[in-house]
Amino acid sequence: MSKPLFFVADAHEGPVWVAQQCRLYFTTKTHLDTYQRVDIMYLDFSQFGVCSEQELWADLPETAPLQIEAKLFYHDANMANSMCLSADGRALIVAEQGDKNRPSVISRIALADKTRSVLVDGFDGQPFNSLNKVILDQEGKLIISDPDYGFRQDFRPPPVLEPNIYSACPDGGLNCFRCNLEMPHGLALSPDEKYLFVTDTSNDGAHGDSIELKRRKSVWRFAYNAETGEISGEGKCCFAVAKGVPDGAVFAGEHLLVGGGDGVYVANQQGELLGKIPTEKTAVNVALAAEGKHLFVTADDGVYLFRNWINHLETEDSKNETASTGASKLQLADS
């Protein structure tokens, strides 16, 4: 099993692998040099030929992190957080949190020429809080989470709307779902699109107010109607993370992968926890390459690349097997 590679970069959120370009895009931490600012950056892997999505990934040299430097794609992206790839593969769909002077919107930024257009800018005539995550279903509907982190972190005005989840249809229709989570955050659709998994992350250590919260750090499952985009149900609490909060999420085949404070948590399609891919740094958000075989993880000051991520999964069975093997070796040594 190869060790994960770590690429030093200002890489906080929204990783998106664009196979046609052989690039991983991501958003930075907030820059405070002149004013609060987030940029969109990328790592270019084209020199290694992995764009073919073949087994060339295995030939990626251990020195690759020394050969790739993060480059600027879009300067001052309106406090952008999460992103996903458009259905046609030609643009980034960006959840822009906004600031005290600019609204929080969902935008589309063309990969070819960086042309930006606004797709969704509010609900029922009211401004969003600070849009955080955005994903796309198979029919082209956007699913968006809108916690009020921007206000709590003092870069957005006081919220008008509750922290909600929205689904935006291509025809412009917008569904609102008040899921009764304290801070609806990360989003992932099951492969059959019958369920939407949402991370509740009120316990992020970044609240500067006196609002009473239960400080949840758990992953929830709700019913999703792929035809209408409606989200429903009281929700089922699937699991909580042991450290930090559950953040970005994605499905790799039948596995749900969720970033947490001590690694990437892995569950099945029902949300039952299977194990974890340990990381020394906080696993903020996740993205997949090569049809889900390889895993990128943003960690604020860099990006992990786990080739054949399934081989890095630690379950209770694998831990027990490792411990048993170690004990057997010790007994042989003693004898």
Side-chain angles (χ1 to χ4, degrees), residues 4-7 9-19 23-29 40-43 45 57 70 80-85 92-95 132-136 143 145 184-191 196-201 204 217-220 238-269 271 273-314:
L5 300 180
F6 187 77
F7 300 82
D10 182 356
H12 175 58
E13 266 285 3
V16 177
W17 174 251
V18 181
R23 290 180 179 180
L24 179 78
Y25 290 85
F26 49 86
T27 57
T28 66
K29 300 187 296 292
I40 300 176
M41 308 286 290
Y42 67 90
L43 296 174
F45 289 79
W57 284 92
N81 192 270
S82 172
M83 305 185 293
C84 67
L85 190 63
L92 297 173
I93 306 299
V94 185
N132 196 285
K133 296 292 190 293
V134 57
I135 60 174
L136 197 66
I143 305 175
S145 65
H185 193 171
L187 305 169
L189 276 174
S190 61
L196 174 68
F197 290 84
V198 184
T199 66
D200 191 0
T201 58
D204 70 338
K217 49 180 182 179
S218 49
V219 178
W220 291 70
C238 298
F239 63 89
V241 299
K243 182 179 180 181
V245 297
D247 201 324
V250 70
F251 260 93
E254 298 181 352
H255 294 94
L256 172 65
L257 278 60
V258 181
D262 54 355
V264 178
Y265 287 70
V266 181
N268 61 20
Q269 287 193 71
L273 189 62
L274 301 175
K276 182 172 58 180
I277 302 170
T279 57
E280 294 182 0
K281 303 175 185 292
T282 296
V284 181
N285 207 339
V286 290
L288 300 168
E291 299 181 347
K293 188 174 183 179
H294 309 306
L295 172 68
F296 287 104
V297 182
T298 53
D300 280 346
D301 59 356
V303 178
Y304 288 101
L305 169 58
F306 290 90
R307 288 169 288 179
N308 298 310
W309 66 263
I310 195 71
N311 294 332
H312 297 266
L313 174 61
E314 291 187 357

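- How far NE2 of H185 is from CG of N132: 3.5 Å, rounded to the nearest 0.5 Å.
- Ring geometry for W17 against F296 counts as parallel: the plane angle stays under 30°, on a 0 to 90° scale with 60° as the upper cut.
- Across all their heavy atoms, F6 and G302 have their closest contact at CZ-CA, 3.3 Å.
- Taking the six-membered ring for Trp and thresholds of 30 and 60 degrees, F239 and Y265 have nearly parallel ring planes, at less than 30 degrees apart.
- Counting heavy atoms from C-beta outward, N285 and V297 have side chains that stay 4.5 Å or more apart.
- Looking at heavy atoms from C-beta onward, D200 lies out of side-chain contact with K217 at the 4.5 angstrom threshold.
- To the nearest 0.5 Å, atom CG of residue D300 and atom NE2 of residue H12 are 5.5 Å apart.
- Here the side chains of I40 and M83 are in contact, with some heavy-atom distance below 4.5 Å.
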(message) Apply side-chain contact (heavy atoms from CB on, under 4.5 Å) to residues V264 and Y304 and explain how you reach the verdict.
(response) CA-CA 11 Å; V264 178; Y304 288 101; over 6 Å; no
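- Salt bridge status for D301 with K29: absent, with no side-chain N to carboxylate O gap under 4.0 Å.
- The heavy-atom pair separating L257 from L288 by the smallest distance is CD2-CD2, 4.4 Å.
- Note that CG of L295 is 8.0 Å distant from CG of L305, once rounded to the nearest 0.5 Å.
- Side-chain atoms of L43 and F26, non-hydrogen and from C-beta on, do get closer than 4.5 Å to each other.
- Between D262 and K276, at least one side-chain nitrogen of the basic residue sits less than 4.0 Å from a carboxylate oxygen of the acidic one, meeting the salt-bridge criterion.
- Using a 4.5 Å heavy-atom cutoff, the side chains of T282 and K243 are not in contact.
- Residues P246 and V258 approach most closely at CB-CG1, 3.7 Å, considering heavy atoms.
- Taking the side chain as every heavy atom from C-beta outward, K293 and N308 approach each other to under 4.5 Å.
- Closest non-hydrogen pair, A283 versus G263, comes out as CB-O, 3.6 Å.
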(request) Please step through side-chain contact (heavy atoms from CB on, under 4.5 Å) for the pair T279 and F306, ending with a clear verdict. (result) CA-CA 10 Å; T279 57; F306 290 90; 3.8 Å; yes
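- Separation of the F45 and F7 ring centroids falls under the 6.0 Å cut-off.
- Of all heavy-atom pairs spanning A70 and A9, the tightest one is CB-CB, 4.0 Å.
- L256 CG to L273 CG: the interatomic distance, rounded to the nearest 0.5 Å, is 9.5 Å.
- A side-chain donor-acceptor contact under 3.5 Å links T27 to the backbone of N81.
- Residues forming a side chain to side chain contact (heavy atoms under 4.5 Å, CB included) with A240 (at least two apart in sequence, or on another chain): S218.
- For the pair D247/E13, a side-chain contact is recorded, criterion being any heavy-atom separation below 4.5 Å from C-beta on.
- Counting heavy atoms from C-beta outward, H255 and I310 have side chains that approach closer than 4.5 Å.
- Rounded to the nearest 0.5 angstrom, T199 OG1 and K133 NZ are separated by 6.5 Å.
- What you find for T298 and A11 is that their closest heavy atoms are CB-O, 3.5 Å.
- Of the candidates V16, V134, I135, V134 is the only one forming a side-chain contact (heavy atoms from CB on, under 4.5 Å) with I93.
- In this structure, CD1 in I277 is found 10.0 Å from CG in N311, a value given to the nearest 0.5 Å.
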